[in-house]
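Below is one structure, written out as C-alpha cells, with a few remarks after it.
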Amino acid sequence: MTLRLFNTLTGQFDPLEPADGIALRMYACGPTVYDYGHIGNFRTFLQIDVLRRFLLLSGMQIRHVMNITDVDDKIIRNSIEAGIPIGEYTAGYVKAFFEDMEALGIERPEQIVRATEHIPQMVKLVEKLAASGAAYRTDDGSWYFRLKAFPEYGKLSKKDLSGMEDGARVDVDEYEKDSARDFALWKAPKPGETSWDTAIGRGRPGWHIECSTMAMEYLGESLDLHAGGEDLMFPHHENEIAQSETATQKTFARHWMHVRFLLVDGRKMSKSEGNFYTPRDLLLKGYKASAIRLALIAVPYRRQFNFTFDSLTDATNAIDRLRTFHSRLSSGRFATGENSAMQEAAKKAQEDFMAALNDDLNTADALAPVFDLVRAGNTAIDQGQFFTGDRDAILQVLEDFDAVFDVIKDRDAEVTKRALKWATETGRMAEVAVELVAAQTLTDEAIEALVVERSAAKKARDFARADRIRNELQEKGVVIEDSKDSVRWKRK
RNA sequence: GGGCCGGUGGCGAAGUGGCUAACGCGCGGGUCUGCAAAACCUGUAUUCGCGGGUUCAAUUCCCGCCCGGCCCUCCA
C-alpha cells in the first residue's frame, strides 16, 4: 500500500513513489532566518515531518533536502540596522531554528543547505538561462527571468496570467523590466548591501533561484516531491518551475505538496493583530512541547487549522491519556499468555492507523484507532483479561504511532527547562507563567522523596498528612496517581 | 474583480449516496478508591449552515443563498 498524496500540480491524489525505485528525493522550502520562527512556520515543518516519518515507517528510503534562506531583503535590512554582517545576524536565528525543531520533535532532513553557500551554482544557472535568452540584464545590473520564455507559467497555481496586461494593475516599477511579471533572478546591490562579486556582476541572488539551484544540486534535475507552505505556491514555486524547467527542459518536480496556513482565534496570525506566537512564547506560558506538536499535527495538512489555547489544552489532555496508558503497560505486571481479542484489536489498530495516513496523511483519522486501542486495553486490564503477549503487541502499535506522532515519549521537561534558560539569558523571565517557575523548584529526587513520605503516611493511615503532601505537590504542578502495585507521579 | 477552501454535538474533528454519524477534549451520572487521581461503564448531534433539485434513498451529488477563511504583493 502506498501513500496517495494530494498533488497540487495535477489536482489529484497521486501515489508518492521514488522515480528511481530506490529513494524518494524531496525538497522542502525551509525558513528565512531573519527572526524566530512562529507556530505558522512550524505547522508547515511539522506536517512535512509527519510525511517524512510516515514514509520512513512505511519502509521507504528518502533523501530530504531543506534549505535555509540566509540572505534576503529583511535579513539585509535588519543586519544593517544592527550594524553587523548578515552571517553574524542570521547565526543566532539559525541556531534558534534548530533548537525549535528539536523542541517540537522535527527530524533533521538528510541535508540542510544554505543559500549563501551556493552562490556560484546560482550564478551558473542564471548564465544558462541567459544563454538561451530566458534571462536578461537590466541597466542597474540586475537579472530577470523572461516570463514569455516559459509558456506553461501558472500551471501549478492554475493561474492564467495571459490576460494580465502590463501596466494595468501591476506596477511597472523603477527597474526597466521587459514585462511587469518578470521576476528577479539576481539583484544588483544598493549601497551598503551585502553582495557577491560574480561573473554576472555584483549582487545577490533572488529568492527563487536559490531553491531551484540547491534542489537540483543535491537531488538532480527532476525531483519526486517538492513541499512547502501554501503561500509559496505562487509566485515562489511557480517561479522555481519556470527557471528550472526552462534551464533543463525536464519536469522540475513531479509532485507538489502544500501545507495550509493556520489561523489564530479565527484570524490570520500577525504581529499587528496581537495573535502572533512562537513556540518559545507558548513554552514560557507553560504549554508542553508535545502539546504544541500534537495540536499542530492533528488537523490534516490540507485543512485550515484554527489555533487556540483550548486546542493546546485539548492536546495536552489527549497526550496524558496516551502516556498514562503507556506507562500502565510498561510498569504493570501481567500473566504470561495472550488474549485473542486483544491481539486482533492491536492488529486492526495498526492497519487502520497506516491506512489513514496512506490516505493523504489523514492525521485526524489516524488518531482514532489508537485511542480505540487505548480503551480496549484499559478495559481488558481492568477486567484481568490482559497478558504479556497483549502488552507486547500493543506497545508495538504505540511505538509505530510514536514513530510518526512522537508525543508519547516524554521530553517535555527538558524542553521547558531549555526554554526557561533561554528566557533567563534574554531577559524574558517576566513572560514566564508563575506555575512554571513553581514547578521548577522541585527536582525529581525531591518529588520522589515526598512520594515515599506520603506512602508511608498512608500506610500508617495518617491520611491528613498524606493529603497535605499530595496538595503540596499539586500546587507545584505534580500529580499523584495511586494504583494497586505502585504510585505514579507526573508533572502537569 | 478573478481563483479557491470550509460550515458536522458544548469545543476540535473524521467520514459516507442507504449499515448504531469515528476519535479527542469538555460536561452530567455511576463503578472503583480512605479521599482523590487514573481507569471503566453511561448520558451528552433522530442529525450534518439555509433553501431548492436529482434519486427508491443525500449530511454525502447538482443549483442558489448566507456565513467564515485563504490566495491574486513580502509571508510557512
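Quick caveat, the model's predicted, so the values are computed rather than measured. All chains are named by letter (A, B, ...) in the order of the sequence lines, taking the proteins before the strands, and each is independently numbered beginning at 1.
For the pair Met66(A) and Val113(A), the minimum side-chain heavy-atom distance is 4.5 Å or more.
A gap of 13 Å separates the C1' atoms of C23(B) and G9(B), to the nearest Å. For G26(B) and C11(B), the P atoms lie 15 Å apart once the distance is rounded to whole Å. G12(B) and G7(B) are spaced 12 Å apart, taking the P atom of each and rounding to whole Å. A gap of 15 Å separates the P atoms of C19(B) and A57(B), to the nearest Å. Between G49(B) and U42(B), the two C1' atoms lie 31 Å apart (nearest whole Å).
Taking the six-membered ring wherever Trp is involved, the centroid distance between the rings of Tyr93(A) and Tyr36(A) falls below 6.0 Å.
If you check every strand for non-hydrogen atoms under 4.0 Å, Pro369(A) touches nothing. Within the nucleic acid shown, Phe371(A) comes within 4.0 Å of sugar-phosphate atoms alone, with no base atom in reach, counting heavy atoms only. Within the 4.0 angstrom heavy-atom criterion, no nucleotide atom of any strand lies near Ser311(A).
You'll find that the side chain of His38(A) is closest to A76(B), out of A39(B), A13(B), A76(B). In this structure, of C75(B), C40(B), G34(B), it is C75(B) that holds the atom nearest to the side chain of Lys268(A). Minimum atom distance to the side chain of Val299(A) is reached by A13(B), of the listed C71(B), C75(B), A13(B).
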Contacts table for residues 371-381 of chain A: side-chain donor-acceptor under 3.5 angstrom, sequence neighbours left out:
residue   : atom : partner   : partner atom : Å
Asn378(A) : OD1  : Arg328(A) : NH1          : 2.6
Asn378(A) : ND2  : Val374(A) : O            : 3.3
Thr379(A) : OG1  : Arg375(A) : O            : 2.8

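The environment of Lys155(A) atom NZ is dense: over 12 non-hydrogen atoms of other residues, nucleotides or ligands sit within 6.0 angstrom.
Look at Phe45(A) and the base of A76(B); the rings do not stack under the cut-offs of 5.5 Å between centres and 30° between planes.
Among the duplex regions that RNA chain B forms, those built from at least three successive Watson-Crick or G-U pairs under 3.5 Å are B:1-7 with B:66-72, B:10-12 with B:23-25, B:26-31 with B:39-44, B:49-53 with B:61-65, ordered by first number.
Residue Arg181(A) has a polar side-chain atom (N or O) positioned under 4.0 Å from OP1 or OP2 of U73(B).
Interface remark: the Asp467(A) side chain does form a donor-acceptor pair with the G34(B) base, using a distance-only criterion of under 3.5 Å.
Judged by distance alone, the side chains of His236(A) and Asn239(A) never bring a donor and an acceptor atom under 3.5 Å apart.
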